[in-house]
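Down below is the structure, laid out as structure tokens.
Every number for a ligand or one of its atoms is a count from 1 in the order of the listing.
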Amino acid sequence: MREIDAQAEADGHSIEYADMLLLRFGEFILKGKNRSRFEKTVFRHVKEMVKPYPNVNLSKEFGRIYIELNGEPAEELITALKNVFGIASISPVKVARSEFEDILSVSRTFLKIIAPAAGTSFKVNARRVWKGFPHGSLEMNKLISTPLLQGYPGLLVDVKSPQLEMKIEIREEHTYIFCENIAGVGGFPLGTNGKAMLLLSGGIDSPVAGWSSMRRGLEVECVHFYSYPYTSELARQKVVDLTRVLSRYAGTIKLHLVPFTEVQTSFTGIGQDNLIITLMRRAMLRIATKLAEQEGALALVTGESLGQVASQTLSSMNVIGRATALPLLRPLIMMDKSDIVGLSQTIGTYELSILPYEDCCTLFVPKSPTTNPNLRIVDKIEATLPGYSALLDAAAAGTEKVIITPYGNEKPSDVVTAEAGLQEEWF
Ligand code: ATP
Ligand code: MG
């Protein structure tokens, strides 16, 4: 998109010429029932994203969605629609009646607005989808390009790899004229691959892991562990705000806020400070597993990346991961930090993530956390901690659940359910 914007700027035009946006579906080229379910999900997601623009008109056809703009801003809508998972590309389109004279006239106007610089290589690529149209595709290429080239003597013809390819798609209802193909975010439509619980800290990594999971079609609920009063109200707000950014990609997200102080402080007196992080991570996984069972989620997601810190060595992950029987998904496991930072900037979570509020994991952190915990010792500590399992149950039971939307006004999830459920509207 940036490239195309730059090109548009250089050419002195914007995409506001468009009457319509043409959205193409992404990689989920599945057959039969699944395909139609996936397409319906994308359509619902698109419908949600265009809600602030009341004049647009949506329609769906095999493999694509049309959005008639009726004066709504193309640029703004494209920015929003680039967040919709399952959309592979977006073209701003000028629409003509499917009659030769009108197609030629709109093509002329289109070229005038695009105003290609002298020396630009050019080609018309017509496709007659509607066989009732009197001229074939090849014939139309000639019939349209000849008068256009006469009007623009500076254009050079290049049929192999032109800088400007004017596509003309002739259908019965309308003819679509376009030259840009703006990349969408791709991936799978939201929620079509099931649901997972994302362990969301206030850091850089876990929001990116959440976005990556949603892009693969997972519905995500967020779980955050806080240790009030050791962590502040601001730290909690940061996580609410991060979830709100993620909800731009999902419509609504359920956030579980787990009181973790008691569990965490239960580890401090046992004289094994170098194992505290290991114990804390395992406790988080156990509580998140309980919440997953309540919510019908089939996996846990974390922002771990191999070797990044002591708890993310293979040996640590081996001991920590055994605390849950659910699949533990780590979308960032093989990524470099710089790439993760780049993604967090692109999806809009970076600026929030770098705010300096304490996370519960940075409290009581030992000087030298182990990179190689011993599973037998960890198991034994947990088995002998008095009332440990009741502590975990109490943390899960004391969890506050909030539905977060992109627009603020978050509500406790039971209120939302009583109001007939924002969630249900989605899935
Ligand atoms: P992040 O940037 O996501 O905080 P990190 O590199 O700082 O990751 P850790 O702090 O070791 O790594 O945490 C590893 C993972 O454990 C996080 O990515 C997140 O999924 C989970 N996690 C850590 N702290 C919390 C928390 N307070 N609440 C929920 N999940 C957490
Ligand atoms: Mg962290």
Side-chain angles (χ1 to χ4, degrees), residues 196-213 218 220-228 230-232 234-240 242-243 245-246 253-261 263-264 267 276-292 299-314 316-317 319-321 323-324 326 328-345 347 349-366 369-371 373 395-396 399-400:
M197 306 302 272
L198 166 70
L199 278 79
L200 182 67
S201 71
I204 292 173
D205 303 322
S206 44
V208 176
W211 180 85
S212 307
S213 309
L218 281 177
V220 157
E221 291 190 11
C222 299
V223 184
H224 177 69
F225 298 86
Y226 68 95
S227 291
Y228 191 76
Y230 302 105
T231 56
S232 64
L234 285 172
R236 177 200 146 110
Q237 189 57 41
K238 174 180 176 179
V239 170
V240 169
L242 278 170
T243 309
V245 175
L246 290 179
I253 292 187
K254 194 175 202 176
L255 169 63
H256 302 254
L257 292 155
V258 186
F260 200 54
T261 318
V263 175
Q264 193 168 357
F267 300 136
I276 280 187
I277 298 275
T278 312
L279 291 163
M280 266 169 48
R281 289 273 180 276
R282 281 169 59 100
M284 286 181 181
L285 292 184
R286 286 190 207 282
I287 297 167
T289 303
K290 290 179 200 291
L291 298 172
L300 305 182
V301 179
T302 73
E304 288 165 303
S305 175
L306 188 59
Q308 212 185 74
V309 289
S311 60
Q312 296 174 26
T313 60
L314 212 47
S316 281
M317 284 194 287
V319 172
I320 293 168
T324 183
L326 288 177
L328 191 48
L329 309 180
R330 301 173 171 108
L332 314 183
I333 194 70
M334 300 301 178
M335 279 178 74
D336 288 344
K337 190 73 183 186
S338 57
D339 293 335
I340 300 172
V341 166
L343 256 180
S344 76
Q345 286 165 334
I347 66 173
T349 52
Y350 181 75
E351 296 301 328
L352 282 168
S353 288
I354 58 172
L355 292 173
Y357 310 126
E358 289 282 286
D359 182 58
C360 69
C361 302
T362 45
L363 300 167
F364 322 113
V365 169
T370 179
T371 53
T399 297
E400 183 190 347

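Only backbone heavy atoms of V223 (N, CA, C or O) come within less than 4.0 Å of ligand 1; its side chain stays farther off. Of the heavy atoms in L199, both backbone and side-chain atoms come closer than 4.0 Å to ligand 1. If you look at L198 next to ligand 1, there are no close heavy atoms at all, none under 4.0 Å. Contacts between S311 and ligand 1, counted as non-hydrogen atom pairs separated by less than 4.0 Å, involve the side chain only.
Distances from atom 11 (O) of ligand 1 to the heavy atoms of H256, R330, E304, R281 put R281 nearest. For atom 1 (P) of ligand 1, the nearest non-hydrogen atom from the set S201, S316, S305 belongs to S201.
Residue-to-ligand polar distances keep T302 apart from ligand 1: every N/O pair is separated by 3.5 Å or more. Considering backbone and side-chain atoms alike, P207 places every N or O at 3.5 Å or more from each N or O of ligand 1. For Q312, a nitrogen or oxygen atom sits less than 3.5 Å from a nitrogen or oxygen atom of ligand 1, counting backbone and side chain alike. Checked by distance only, ligand 1 and V301 stay at 3.5 Å or farther apart across all their nitrogen or oxygen atoms. Considering backbone and side-chain atoms alike, I204 places an N or O below 3.5 Å from some N or O of ligand 1.
Checked against side chain to side chain contact (heavy atoms under 4.5 Å, CB included), E351 has the following partners two or more places apart in sequence or in another chain: I354. Listed by chain and number, the residues in a ring-ring contact (aromatic ring centres under 6.0 Å, His included) with Y350 amount to none (sequence neighbours excluded).
In terms of modelled atom types and a separation under 3.5 Å, the side chain of T261 and the main chain of Y228 share a donor-acceptor contact. In this structure a side-chain-to-backbone donor-acceptor pair under 3.5 Å is missing from Q312 to E304.
The existence of a salt bridge linking R236 and E400 is confirmed by a sub-4.0 Å separation between a basic side-chain nitrogen and an acidic carboxylate oxygen.
No side-chain heavy atom of I277 sits under 4.5 Å from any side-chain heavy atom of T370. Using a 4.5 Å heavy-atom cutoff, the side chains of M284 and L199 are in contact. In this structure, F225 and Q264 have side chains that are not in contact, with every pair of non-hydrogen atoms separated by 4.5 Å or more. Side-chain contact between K337 and D205 is present, with heavy atoms from C-beta onward closer than 4.5 Å.
The atoms of ligand 1 that sit less than 4.0 Å from any heavy atom of G303 are 17 (C), 18 (O), 20 (O). For ligand 1, the atoms closer than 4.0 angstrom to any heavy atom of V309 are 11 (O). Near G203, the atoms of ligand 1 lying under 4.0 angstrom from a non-hydrogen atom of the residue are 1 (P), 2 (O), 4 (O). Near Q308, with a cut-off below 4.0 Å to any heavy atom, the atoms of ligand 1 are 6 (O). Under a 4.0 Å criterion applied to the non-hydrogen atoms of D205, ligand 1 contributes the atoms 1 (P), 2 (O), 3 (O), 5 (P), 6 (O), 8 (O).
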Steps toward side chain to side chain donor-acceptor pair (under 3.5 Å) verdict (S201, S206): CA-CA 6 Å; S201 71; S206 44; 3.1 Å; yes
